[in-house]
Structure formats: C-alpha cells, structure tokens
Trainee: 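Below is a structure I'd like to ask you about.
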Amino acid sequence: MKIDEVIRKRRKELNLTQEQIATLLGVSAPAVNKWENGNSYPDITLLSPLARVLGIDINELLGFYENLSQQEVNMIIEEVAKIKETQGFEAAFAKAEESVRNYPKNYALMGSLAFVLNMYLHQESGIDREAYAGKLYAWLSAVAGSGDEMMAESALVVLCNEELQKKNFEKAQEYLDRLAPKKQFDKRITQAALFIEKGDFDSAYALYEKKIYEEVNILSGTLSLFAELKCRQKEYDTALRSAQLLGILGEAFQMGTFQTNASKLTVYASMQDADGVIGVLEQLLADWNYLASQKCYLNEHIKKENGIENESLRKMLKKMAELEEFDFLREDARFQNIVKRLNG
C-alpha cells in the first residue's frame with residue numbers, strides 16, 4: 001500500500017477530516033489533499049508527527065508492514081533462486097536482504113528466504129560462511145519470536161538443529177522447549193466432512209491429500225533419523241531394513257528417487273559397502289529426471305510447494321560425494337567416474 005493510500009485509509013478509520021489532520025500538523029488542508037491523491041508527499045520532518053496522528057509507526061506509514069500474498073512471497077523466493085543459479089549465492093543473498101529491508105515485518109517472507117538461503121549456504125564453498133550464517137541466524141531468531149505460528153515453529157526447529165551442530169546443547173534445548181506441544185485435534189478432518197456434506201468434494205480431497213502428504217513426510221523423516229541412529233550404533237542390519245522400508249514408502253507415495261534412496265546411500269556409506277553406494281548412486285544418475293516428487297492420485301488436488309530443482313539436487317548429491325564418509329571410495333574407479341559425471 002502506497003503512502004497516499006495509507007494516509008487516506010487511516011484518516012477515514014479515525015473519522016478525521018483533512019482539515020483536522022492539517023490543523024494537527026500545522027499545514028494546509030490542500031496539502032493533505034495532495035498527499036492523499038498522490039500529487040505530493042509529506043516533508044520528511046512531518047513523517048513522525050503524521051504517523052503519531054494516524055496512530056501508526058513510520059514503517060507502516062511507508063508501507064513496510066504491507067502484507068504479501070503467498071503468491072507474492074513465492075515469486076520473491078523464485079526470483080532469489082533464479083539469481084542464485086545465474087549470478088551466484090552472494091547476489092541471491094543481496095536480493096534477499098533487499099526484500100527483507102522492504103518488508104521487515106513480513107515473517108512469512110523472512111522465514112522462507114532464511115530457509116532457502118540456509119540450504120544454499122550448506123552447498124557453497126569458497127565464501128565467508130560465518131558472515132552469512134550470522135545474518136540468517138538473526139532472521140530465523142526474529143521469525144521464531146514472531147506471531148506467525150507456523151513459520152515460528154519451523155524457525156525454532158532450524159535454530160535447534162544449528163545449535164545441535166555446534167554442540168550447544170543447552171541452547172538447543174531452549175529452542176526445543178519453546179516449541180508448542182503437538183495439538184491433538186486437527187480441524188481439517190472435520191472441515192473435510194463439512195465440505196463433503198456441502199458437495200465440495202475437491203476441497204475435501206485437497207485437505208485429505210495435504211494431511212497425507214504431511215504425515216508421509218514426517219514418517220519418512222523419522223525413519224531416516226532412525227536409520228542414522230542405528231548406523232551410529234553399528235546396528236547395520238536394522239539400519240538397512242529401515243532404509244529399505246523408507247524406499248518402499250517413497251515408491252508408494254512417489255516421493256522421488258532422491259528422497260526414496262538417500263537413506264540407503266547413508267547406510268551403505270556407514271557400512272563402507274562400496275557396491276551398495278555405487279549401486280544407489282548409479283540409480284540416482286539413471287533416474288535423474290525423476291528425482292523430485294511426482295504427481296499421483298494421492299496429491300492430484302493439491303498444489304505442493306515448489307520442490308528442489310534437479311540442478312540443486314545434483315549439487316546436493318555432489319556435496320554428499322565430497323563428505324569424508326565416502327573417503328573409502330576415493331580410489332574406486334567406479335566412484336571416480338560418478339564424481340566426474342556429477343561435475344560434468
């Protein structure tokens with residue numbers, strides 16, 4: 001919303017006339033009329049007094065609290081992603097910072113940018129990671145303290161994991177304790193029943209499918225973590241069975257080749273099973289066009305969030321291949337060939 005629209009809207013909400021505003025500010029009524037019509041702007045020295053008269057702060061007066069639709073947020077995220085691919089991480093981060101400055105209280109935007117850039121940061125090399133990580137941490141902290149419940153919860157989870165990586169266990173526990181306990185009642189089930197009675201079957205399907213999608217992702221993520229813990233305790237048979245179960249789940253719900261096989265890759269690497277690792281990597285490369293989640297009858301009524309593009313998945317796989325867990329394969333000609341193809 002532009003400043004002229006903000007002035008006009010707030011004045012009417014307060015039941016004030018242009019003359020009353022003018023008197024309070026020591027200017028003429030025609031000057032206020034010009035502000036509201038967009039023909040001129042208030043002098044900078046009048047911004048604070050004008051904001052006080054209207055009962056708002058300067059940020060709201062200048063439109064910095066303007067709400068963005070989810071579509072507008074997605075467009076900004078997509079623009080940042082394109083800049084990352086064409087101009088690099090630093091240019092993408094600069095664009096994100098500009099967007100946050102323009103909408104400093106839009107926590108949906110700030111959180112979405114922080115999540116995406118945090119993922120990109122873990123893929124980058126040759127940059128000052130700490131400088132960027134500090135800014136992203138500040139954004140996530142702001143989002144975690146916001147009134148946007150869903151974004152705040154996601155931010156707290158990321159912050160908790162960041163502290164876990166640093167082995168700051170007390171701080172990680174603090175973030176974890178701020179997470180609200182899971183609600184027992186999911187109103188979407190009752191809402192779907194209401195849609196059905198009204199004959200709106202598409203809306204009912206959309207709610208069911210979204211819940212299925214969320215629950216499957218929670219289950220797959222938990223299975224993956226379970227397998228990792230079993231690897232840590234060298235219980236490889238159980239770890240592999242869990243990874244294979246995750247594969248069955250992924251195939252059933254068409255979650256994509258990468259998500260379906262990533263856990264097996266981790267388990268085989270922990271076992272130092274060269275044939276297992278090579279087999280999974282070859283499958284990923286062979287099914288490159290099917291790495292992202294596919295449409296199936298269980299999600300045909302919902303528009304899922306844009307997934308990670310195949311090029312980003314390639315980079316993620318390349319970074320995985322560089323981890324020390326794969327050092328036992330460095331001299332393996334098959335692995336060298338795969339790395340070469342990933343770099344190609």
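Hydrogens, waters and symmetry mates play no part in the numbers below; they use all other heavy atoms, side chains included.
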Trainee: Ser203 side chain to Asp200 main-chain N or O, any donor-acceptor pair under 3.5 Å?
Mentor: no
Trainee: Show the atom names and distances, to 0.1 Å, of all donor-acceptor pairs under 3.5 Å that link a side chain in residues 39-53 to residues at least two apart or in another chain.
Mentor:
from: Asp43; atom 1: OD1; to: Thr45; atom 2: N; distance (Å): 2.9
from: Asp43; atom 1: OD1; to: Thr45; atom 2: OG1; distance (Å): 2.6

Trainee: Where do Ala96 and Leu117 come nearest, in terms of heavy atoms and distance?
Mentor: CB-CD1, 3.5 Å
Trainee: Do Leu164 and Leu156 share a hydrophobic cluster (ILVMFWY, side-chain heavy atoms under 4.5 Å, transitive)?
Mentor: no
Trainee: Could you tell me whether the side chain of Gln18 reaches within less than 4.5 Å of the side chain of Lys34, counting heavy atoms only?
Mentor: no
Trainee: Is it possible for you to say whether Val80 and Met75 belong to one hydrophobic cluster, with membership spreading through side-chain heavy-atom contacts below 4.5 Å?
Mentor: no
Trainee: Spell out, as yes or no, whether a donor-acceptor pair under 3.5 Å connects the side chain of Glu72 to the backbone of Ser69.
Mentor: yes
Trainee: Give the minimum heavy-atom separation between Gln20 and Asn15, together with the two atoms involved.
Mentor: OE1-O, 4.0 Å
Trainee: Exactly one of Arg8, Lys12, Arg11, Lys9 should register a side chain to side chain donor-acceptor pair (under 3.5 Å) with Glu36. Which one does?
Mentor: Arg11
Trainee: Should Leu229 and Leu225 count as side-chain neighbours, where that means a heavy-atom distance under 4.5 Å?
Mentor: no
Trainee: So do Ile21 and Val27 actually touch side chain to side chain, heavy atoms under 4.5 Å?
Mentor: no
Trainee: I'd like to know if the side chain of Arg10 reaches the main chain of Leu54, judged simply by a donor and an acceptor atom lying under 3.5 Å from each other, with no hydrogens or angles considered.
Mentor: yes
Trainee: Using side-chain hydrogen bond (donor to acceptor under 3.5 Å, both in side chains), reason through Lys264 and Asn261 one step at a time and then give a plain yes or no.
Mentor: CA-CA 5 Å; Lys264 282 189 281 187; Asn261 289 280; 3.2 Å; yes
Trainee: Could you tell me whether the side chain of Leu223 reaches within less than 4.5 Å of the side chain of Ser263, counting heavy atoms only?
Mentor: no
Trainee: Find out whether Glu214 and Lys210 are in side-chain contact, i.e. whether some heavy atom of one side chain is under 4.5 Å from a heavy atom of the other.
Mentor: yes
Trainee: I'd like to know if the side chain of Ser224 reaches the main chain of Ser220, judged simply by a donor and an acceptor atom lying under 3.5 Å from each other, with no hydrogens or angles considered.
Mentor: no
Trainee: Show me the donor-acceptor pairs within less than 3.5 Å that the side chains of residues 234-251 make with the rest of the protein, sequence neighbours left out.
Mentor:
from: Glu235; atom 1: OE1; to: Lys230; atom 2: NZ; distance (Å): 2.8
from: Tyr236; atom 1: OH; to: Ser270; atom 2: O; distance (Å): 3.3
from: Ser242; atom 1: OG; to: Thr238; atom 2: O; distance (Å): 3.0

Trainee: Same hydrophobic cluster for Tyr132 and Ile83, using side-chain heavy-atom links shorter than 4.5 Å among ILVMFWY?
Mentor: no
Trainee: Is the side chain of Asn217 donor-acceptor paired with the backbone N or O of Tyr213 at a distance under 3.5 Å, no angle test?
Mentor: yes
Trainee: Give me the atom names and distance for the closest heavy-atom approach of Gly38 to Asp4.
Mentor: N-CB, 3.8 Å
Trainee: Does Gln173 reach the side chain of Asp177, with side-chain heavy atoms less than 4.5 Å apart?
Mentor: yes
Trainee: I'd like to know if the side chain of Asn37 reaches the main chain of Asn33, judged simply by a donor and an acceptor atom lying under 3.5 Å from each other, with no hydrogens or angles considered.
Mentor: yes
Trainee: Are Glu162 and Asn118 side-chain neighbours, meaning at least one heavy-atom pair lies under 4.5 Å?
Mentor: yes
Trainee: Can you confirm whether Gln165 is buried at CD, in the sense that more than 12 heavy atoms of other residues, nucleotides or ligands lie under 6.0 Å from that atom?
Mentor: no
Trainee: Do Leu219 and Ile212 belong together in a cluster built from hydrophobic side chains that touch within less than 4.5 Å?
Mentor: yes
Trainee: Can you name the closest pair of heavy atoms from Leu140 and Ala114 and give their distance?
Mentor: CD2-CB, 3.7 Å
Trainee: Assign the ring pair Phe93 / Trp139 to parallel, tilted or perpendicular, where the plane angle (0 to 90°) is split at 30° and 60°.
Mentor: parallel
Trainee: Might you point out which heavy atoms bring Tyr175 and Ser141 nearest each other, and give the distance in Å?
Mentor: OH-OG, 4.2 Å
Trainee: Quick check on Glu130: does its CD atom have over 12 non-hydrogen neighbours (other residues, nucleotides or ligands) under 6.0 Å away?
Mentor: no
Trainee: Show the numbers, then the answer: is there a side-chain hydrogen bond (donor to acceptor under 3.5 Å, both in side chains) between Asn74 and Gln70?
Mentor: CA-CA 6 Å; Asn74 290 342; Gln70 188 59 50; 3.1 Å; yes
Trainee: Using a strict 4.0 Å threshold on nitrogen-to-oxygen distance, state whether Glu174 and Arg178 make a salt bridge.
Mentor: no
Trainee: The test is side-chain hydrogen bond (donor to acceptor under 3.5 Å, both in side chains); show your working for Tyr103 and Glu98 and say whether it passes.
Mentor: CA-CA 9 Å; Tyr103 305 101; Glu98 178 188 338; over 6 Å; no
Trainee: Closest approach of Ala142 and Met110, non-hydrogen atoms and distance?
Mentor: CB-SD, 3.9 Å
Trainee: Given the rule that I, L, V, M, F, W and Y join up when any side-chain heavy atoms are under 4.5 Å apart, are Ile7 and Ile58 in one cluster?
Mentor: yes
Trainee: More than 12 non-hydrogen atoms from neighbouring residues, nucleotides or ligands closer than 6.0 Å to NZ on Lys166, yes or no?
Mentor: yes
Trainee: Please output the side-chain donor-acceptor pairs of residues 321-328 that fall under 3.5 Å, not counting sequence neighbours, one pair per line with the distance.
Mentor:
from: Asp327; atom 1: OD1; to: Arg330; atom 2: NE; distance (Å): 3.1
from: Asp327; atom 1: OD1; to: Arg330; atom 2: NH2; distance (Å): 3.2

Trainee: Can you see whether Phe89 has Lys84 sitting over its ring - NZ or CZ less than 6.0 Å from the centre and within 45° of the normal?
Mentor: no
Trainee: Measure the CG-CG distance between Leu113 and Leu136 for me, rounded to the nearest 0.5 Å.
Mentor: 9.5 Å
